[in-house]
Amino acid sequence: MNDTPSHFPEGARVAVLTTQPLDGPLDYLAPEGGVMIGAFVEAPLGPRKVMGVVWGPGLGGFDASKLRRVSAVLDVPPMRDEMRAFLEKAGAYTLTPLPAMLRLATRAPALGQPPSKRKVYRRGTGRPDRETGARARVMAALDEMGGLALTLSELSQMAGVTSSVVKGLVKQGVVAEEESPRDTPYPRLDPALPSKPLAEDQAEAAEVLRNAVASGRYGTTLLKGVTGSGKTEVYLEAVAACLAKGRQALVLLPEIALSAEFLTRVEARFGAKPAEWHSGVTQTERRRIWHMVGSGGAQLVVGARSALFLPFQDLGLVVVDEEHDSSYKQEEGALYNARDMAVLRASITDAQVVLASATPSLESWANAEAGKYRRLTLTSRFGTAALPEMKSLDMRGEDLPADRWISEPLAAAARRRIENGEQALLFLNRRGYAPVTICRACGHQIGCKHCDARMVEHRFLKRLVCHQCGETEPRPEVCPSCDVEGKLAAVGPGVERLAEEARARFPEARIAVLSSDMYTTARQLKAEIASIAEGGADIIVGTQLVAKGHNFPLLTLVGVIDADLGLQGSDLRAAERTFQLMRQVAGRAGRAEKPGVALLQTYQPDHPVIRAILSGDEEGFWRAEAREREAAGVPPYGRMAGIILSSEDVQKVFDLGNALARNAGALRRIGADVYGPAPAPIARVRGRHRVRLLVKAPKGSALQAAVADWVGQFRLKGDLRLAVDIDPQSFF
DNA sequence: ATGTCGCGGGAC
DNA sequence: TCCCGCGACATA
């Protein structure tokens, strides 16, 4: 079957894939001593030397006399066959050129170089000339480590001494100083430690997952359960089974930088912290993880989506927590959804996938419904918490002034909670101060110069911001249309304006605002969340930032200011997103020590989505949603369309890119996913321009024809490729 | 990505 | 006439 040679003798023709933005691998001659397939090498490219991977036998079709020789084989274990297969399939799936895929897989610094060293200290053989308290503490600290070495700062901190005490002991040979590579294995995790007691349905689900992992085969399970039903404990048992089998596990989290809580739970279950991979980890640590994952020195990685491209030696389980979360979509460079890539990768390495969510994505729901994914549902809620009671507040009967949004019943409910020492959340999913700025002199609404959206006033930032393409400008004093001064008025609510109203309505209460543009660093945000959780605020005014992650034990009331907000407009996924968001936000009041309530202010209490949210009839909702999509010709999974264009007329291509951005709203209405702002969908590759447009459309459908036709209007010479099936299951 | 080549325009 | 800077181009 497999006739690809695994070793190429000196002088043989080999294909080498580099991270240079070419179309694919280039042919080289194997170096002295030959080279293995998958080997990391250094190869000459023009006047430079670049890193690459031996991808296979030479492709030929290039003048043999012009071939150059691979200049060095790097001292890194070769890339495994399955990793190459994964990168190729994932690249084909997402229409991403292979070099860009390789870049994802080599996101660690100084790959080829030998590991840097640092000094470490352990117990030596000598005896101290004098016994002092400080010296005794150093010895005790080292004895406690049972032969494991410590760094100078770790040791002096543990012993509570200055570094000179340690240095003094080193001179006498009491403490041994050694050089040790920084790339050290992670502490062993012990899957045999006892788990938390599990409720009956948790125990059953855990057993199913343990058996699935034990099978050593591919399979995907959708693990569904409301907030607080104990999904984490259940999938940690799958992780335990995987580790016990000697295989590696990966847990993907959407907001990893904010997930200190999760790491603590892992430590409680397995006795040590796992490796942590996200954009915030240091270069040294990235390198360590990359190497340890490859050599088996890391059993469990907890990470962001890019952790999927680490060189696992034997990956047995991938958990995608909050699988519906949109941050699994990578929208720059390579375009992919980590949820789908997890399924693909697992199928290649005979691993299990657990997709965990309280509100699964329509795609996963459809795959479970079709029998492609196993489904496990957790119903009982663990501990004392109960599902928050959910009620609608019919706003048609409320007589609110035009610049106020908190209804009387909601304000009264919030007041009662605060008086009890509990917390209330006022939720409005709109960043900034006001969504519309209108000129009272001429009626002009300030729009974005680069796309079809309106500019949103952000008073905190003192700017107008486009939420579609990211364009910002200072807040103008005069109307850009009629030049009249002082007539620009803010219309409609944003979270900043809601906070203003809350401060006026509840002058005694401590009010915290949680919106992403108020915090410049994740650290700041993390600190604010922690302080709120400890009771540092009475009222939280927030955007969807509060829907995720952290648990607020004092929060017993969730008030949704405008539950209909997401249902306006004609976004194809509006219903799905609103349903998920409302259930998630309401769940924030379900984790408190006392039973909570969620109040949804709405003008359409009879809207089917609002009714589904209130009744909790998820199955019914998904079925209706799937039917509706089918009727619209837009199935949960569609096709990815890639358009590769020749640049006969460069300006036209850029016009297309700008048109894509300008018409992003219109495209979304027909079900297209437009990734990135203005020229982002365009990549220039060797004189040709590549535009990628992701469309969920079945082959041969009217939608697909419409997009092709639309692109055709630009009269570009190029081929429209509508090829790749986007359901990861269709790959195997 | 990035080094090289070739060309146009400005300074001398 | 020289040289700088920019864009196009090729990389095996």
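What you see is a predicted model; the values in this text were computed from it and never measured. Residue numbering restarts at 1 for every chain, and letters A, B, ... go by the order of the sequence lines.
In this structure, the side chain of A:D27 engages the main chain of A:L59 through a donor-acceptor pair within 3.5 Å.
Between the P atom of C:dC9 and the CD atom of A:Q20 lies a distance of 19 Å, rounded to the nearest Å. Put simply, CZ on A:R13 is 13 Å from P on C:dA12, counting in whole angstrom units. In this structure, A:L26 places its CG atom 15 Å from P of B:dA1, rounding to the nearest Å. Atom P of nucleotide C:dA12 and atom CG of A:L17 are separated by 15 Å, given to the nearest angstrom. With rounding to whole Å, A:R48 atom CZ is found 10 Å from C:dA10 atom C1'. The CH2 atom of A:W55 sits 20 Å away from the P atom of C:dA12 (whole-angstrom rounding). Separating the CG atom of A:L22 from the C1' atom of C:dC9 is a distance of 12 Å, rounded to the nearest angstrom. In this structure, the CG atom of A:L29 is 12 Å from the P atom of C:dA12, given to the nearest Å.
Other residues, nucleotides and ligands place more than 12 heavy atoms under 6.0 Å from the CD atom of A:E179.
Salt bridge present: A:R69 and A:E10 bring a charged side-chain N and a carboxylate O closer than 4.0 Å.
Using a 4.0 Å heavy-atom criterion, one finds that A:F62 contacts the bases of the nucleic acid, with or without backbone contacts as well. Within the nucleic acid shown, A:P25 has no heavy atom closer than 4.0 Å to any nucleic acid atom.
An OP1 or OP2 oxygen of C:dA12 is reached within less than 4.0 angstrom by a side-chain nitrogen or oxygen of A:R68.
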- Query: After noting the C-alpha distance and the side-chain angles of A:R247 and A:D314, does the key distance pass the salt bridge (charged side-chain N to carboxylate O under 4.0 Å, His left out) rule?
  - Reply: CA-CA 5 Å; A:R247 303 184 78 187; A:D314 183 14; 2.9 Å; yes

